[in-house]
Every structure is written in structure tokens, then in C-alpha cells.
Protein chains: 2
Amino acid sequence: MDTREKILSAAVRAFAEKGFNGVSVDEIAKRAGVKKALIYYYFPSKDELFREVWEKSLDELENHLFSEIEGEGSYMKKIKGFLKAYIDFVTNRKVISEVINKERASVMSEDKWSNLKERYEGFLGRIAQLIDEGKRYNAVYDDIDPLAAANLISGSFGHSEKPGVLEKMISLIMRGILKK
Amino acid sequence: MDTREKILSAAVRAFAEKGFNGVSVDEIAKRAGVKKALIYYYFPSKDELFREVWEKSLDELENHLFSEIEGEGSYMKKIKGFLKAYIDFVTNRKVISEVINKERASVMSEDKWSNLKERYEGFLGRIAQLIDEGKRYNAVYDDIDPLAAANLISGSFGHSEKPGVLEKMISLIMRGILKK
DNA sequence: TAAGATTTACCAACCGGTAAGTAAAACACG
DNA sequence: CGTGTTTTACTTACCGGTTGGTAAATCTTA
């Protein structure tokens, strides 16, 4: 792992724990075992560092969720596989899940993150599209609002503490949207 | 409105917009039209000020949700009324909704807010209890996990931007938990 | 004039960011 | 190959501004 990656890795852990404003550049530097000025050698600002952390995190999540359901199968199976992959990600990639969850409200409301907001809305849109296709293939109740379902799914992020609860939240969502 | 209340009112607005670490005590003072030192006359620290803001916000939310459904009526009606009150609160008390949503992840994970975490878990517990009673009175599917449902409902907080989406999220939850 | 309310002035620590320098690796070329 | 030159990776030391917090002085009003 080269230096740039070490900094990114320390940054995502720090941001996940304490949030963007709760962490100083110097603390990230210490976690990465480098001097603060070196961070400014690789990244133009704290904002840009966070931007890259957030984008990489969302890339990983989106890739994990959509790559596994690319194969054949009914839309019922696709959506179930998607939700299963979702549980798997929240369980096994906790740091990335936490950074997305912790900073989501700020990213979605503060002007300076407007491009990250668009990125996240694109992610929601892809989930909504999956649900919508499920409707056309008779797997999803046809009075379901796809974007509402997408928001509900992605909102389950935060509550991954007590084991088992997330699974039950997802199965509740499944009953709400999937036929039979 | 006395000075203390003016400070609290400015604080909840500031915390809702920028989060705990994104706002300085001096900015809260300026919004309240007082000098910073006066905040320390009424509150021992920024942490304690936030603590009171959070507790008051949760008190208002909990009171709004549970006071309206105290009357008679079936549990089906109670739970529907509860979810309707929820939509009403998120729509009409945006500042309070936002402060709860924006700082929830930090409150639930950082040690220094452990008492606020317990407070929030008590709130979730009350929702779960309502769902559980709904099960015993045949209004809720009996394989529903009450705490999972409570988490799902309270997680819908963040996504109140586009009007109408929240309502559709809630009706999706209703289909997931309520019989018929 | 006593007690509570508010302001002024201040502090040490920390913040994001920068300038200047250094050692070593990579490169250019006779 | 050897040697001068440029580039890369990284450190030290610093800057102006902001932070949460405090002590003491001043104002207000009963």
C-alpha cells in the first residue's frame, strides 16, 4: 500500500468515527503515520480529501450491490440478491458503511458538497430503477413508488449495531414491496 | 421569550444546519443576538448546550407522536395515527427533525453522548412497544420484529426533501407491518 | 445597594494551509 | 559508464485566524 492509499485509509476510518468536522488533518496524518504537510502534497485540501473518500466509498458500495446481481434470474431473485448483498456490505464493510451514514445528512444539505449529493442521488436512482424494473416484471407491487423504496433501503444504513435487526428491517421492506 | 430560550432556539437552528462540530459557540451567540460569554453564563459548556437541545428535541418529537394517539380506538388506528403524526412532525417541525437526523449517527456512536444514546433507545423502545401491542391486538403481522420496525420508521427521518416521498415511504412501511 | 444579567477583554490550544528546505531517486547525455 | 540536473517524496517550521472557555468589569433593576 503506497503513501496516498495509506492516507486515504486513515481518512476513511477517521471520518467514519468522528465525522468531517470532528477530525483534524493532523489527526489523519498521525493515524497514517505521516506528517500533515504530506497530506497537502497528495491532496489539495481537506475538502478534496473527503470528496475522494466519499466517492470511493460510494463506488465500492454501488459496485458491491450491483455487480453480484448482473447475472440471469428473475427480478424477484435480483431484488432479493440485492438486499442480501446490502446486508452483507453493512456487516462486513463497517467503516465504509459508517462514513456514508454519518456524513450523509451533511452531504445532502450543504452547498459545498452539491456534486457529492448528485452522486448519491444517482446511486438512489439506480436502486429506484431496479425496483421499477421489478414492477414491470411483476415482482413488485405496482403501486410502489420506486424512489421511496430506494430511500427506505438506503436509510437502513445507520442501524447496524444490534446483530439481526438489520436483517429483520430488510425482510420487512421485502414484504412491503415484493409480491408473495 | 427569555434569553435562555433565545440561545436554545438559535442553537437548535445552527446545529440543524451545520451539525455540532460545524458550528462555533460564537456563531450561536451571534444568531441569538448575545455575546458568547453569556452562553457560558447559562450553559456550562458547548457539550451541555447540545445535550439540552437534543433532549428537548426528542421530548417534542416523542410528545407529538404519542400524545395524539392516547385516546381510544383500535391499534390499527393508533399505529396509523402514529405514522400520520410522524409525517406531520417531519413536515412542520423541520428544524427539530433535522437536528435529530443530522446528529443521530454521532450521538449513537460517540462515547461522550452515551446518555443521549440511551435516551434515543428509549424512544425507539416506545415505538417498538406500540408495534408489539399492535401484534397482540391482531393489527400487526405476528412475525414482525418490533425493534426492526421502530428503526425503519425512525430511519425515514432524513429523506424529507422531495415532497410526497416521505408519505410513500410510510405507506410502504404500513404495508410491511399492518394487516390488510 | 445588593444580586442577577450582560459585556469586554483576554487566553492557550488548535485549526487548515503554506514556504522553504532536504535526501534520494530518476533522468539526460557525453 | 559517470556525472550533472531535474523530479519525487517527505519534513520542519511557521502563519493568521478560530476555537472553547474564563475572569473581571459594567450594566440593570428591584
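Because only heavy atoms are used, hydrogens play no part in the values below, and waters and symmetry mates are left out as well, while side chains stay in. Reminder, nothing fancy here: chain letters follow the sequence lines and each chain counts from 1.
- Comment: D26(A) engages K30(A) in a salt bridge, judged by a side-chain N to carboxylate O separation of less than 4.0 angstrom.
- Scanning for ring pair (Phe, Tyr, Trp, His ring centres under 6.0 Å) contacts around Y137(A) gives Y75(A), with sequence neighbours left out.
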Could you write out each protein N or O paired with an N or O of nucleotides 7-13 of chain D at a distance under 3.5 Å?
{"unit_1": "dA9(D)", "atom_1": "OP2", "unit_2": "Y41(A)", "atom_2": "OH", "d": "3.2"}
{"unit_1": "dA9(D)", "atom_1": "N7", "unit_2": "Y41(A)", "atom_2": "OH", "d": "3.4"}
{"unit_1": "dC10(D)", "atom_1": "OP1", "unit_2": "T3(A)", "atom_2": "OG1", "d": "3.3"}
{"unit_1": "dC10(D)", "atom_1": "OP2", "unit_2": "T3(A)", "atom_2": "OG1", "d": "3.0"}
{"unit_1": "dC10(D)", "atom_1": "OP2", "unit_2": "Y42(A)", "atom_2": "OH", "d": "2.8"}
{"unit_1": "dT11(D)", "atom_1": "OP2", "unit_2": "K35(A)", "atom_2": "N", "d": "3.4"}

Original post:
Going through the distances and angles, do R93(A) and E60(A) end up as a salt bridge (Lys or Arg N to Asp or Glu O under 4.0 Å)?
Top reply: CA-CA 10 Å; R93(A) 310 293 297 274; E60(A) 280 206 49; 2.2 Å; yes
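- Partner R126(A) forms a salt bridge (Lys or Arg N to Asp or Glu O under 4.0 Å) with one of E121(A), E133(A), E62(A) and no other, that one being E62(A).
- Take F66(B) and apply the ring pair (Phe, Tyr, Trp, His ring centres under 6.0 Å) test, not counting sequence neighbours, and it matches F82(B).
- A heavy-atom distance below 4.0 Å to DNA chain D is reached by these residues of residues 10-28 of chain B, ordered by number: V23(B), S24(B), V25(B).
- Partners of F43(A) under the ring pair (Phe, Tyr, Trp, His ring centres under 6.0 Å) rule, at least two apart in sequence or in another chain, do not exist in this structure.
- The number of heavy atoms from other shown groups lying within 6.0 Å of NZ (K84(B)) does not exceed 12.
- Taking 4.0 angstrom as the limit, Y40(B) places none of its side-chain polar atoms (N or O) nearer than this to OP1 or OP2 of dT22(D).
- Computed from coordinates, the I7(B) CD1 to dA5(C) P distance equals 11 Å when rounded to whole Å.
- To the nearest angstrom, P of dT18(D) lies 16 Å from NZ of K46(A).
- In terms of the ring pair (Phe, Tyr, Trp, His ring centres under 6.0 Å) criterion, Y40(A) has no residue partners (sequence neighbours excluded).
- Between I39(B) atom CD1 and dG20(D) atom P the separation is 10 Å, expressed in whole Å.
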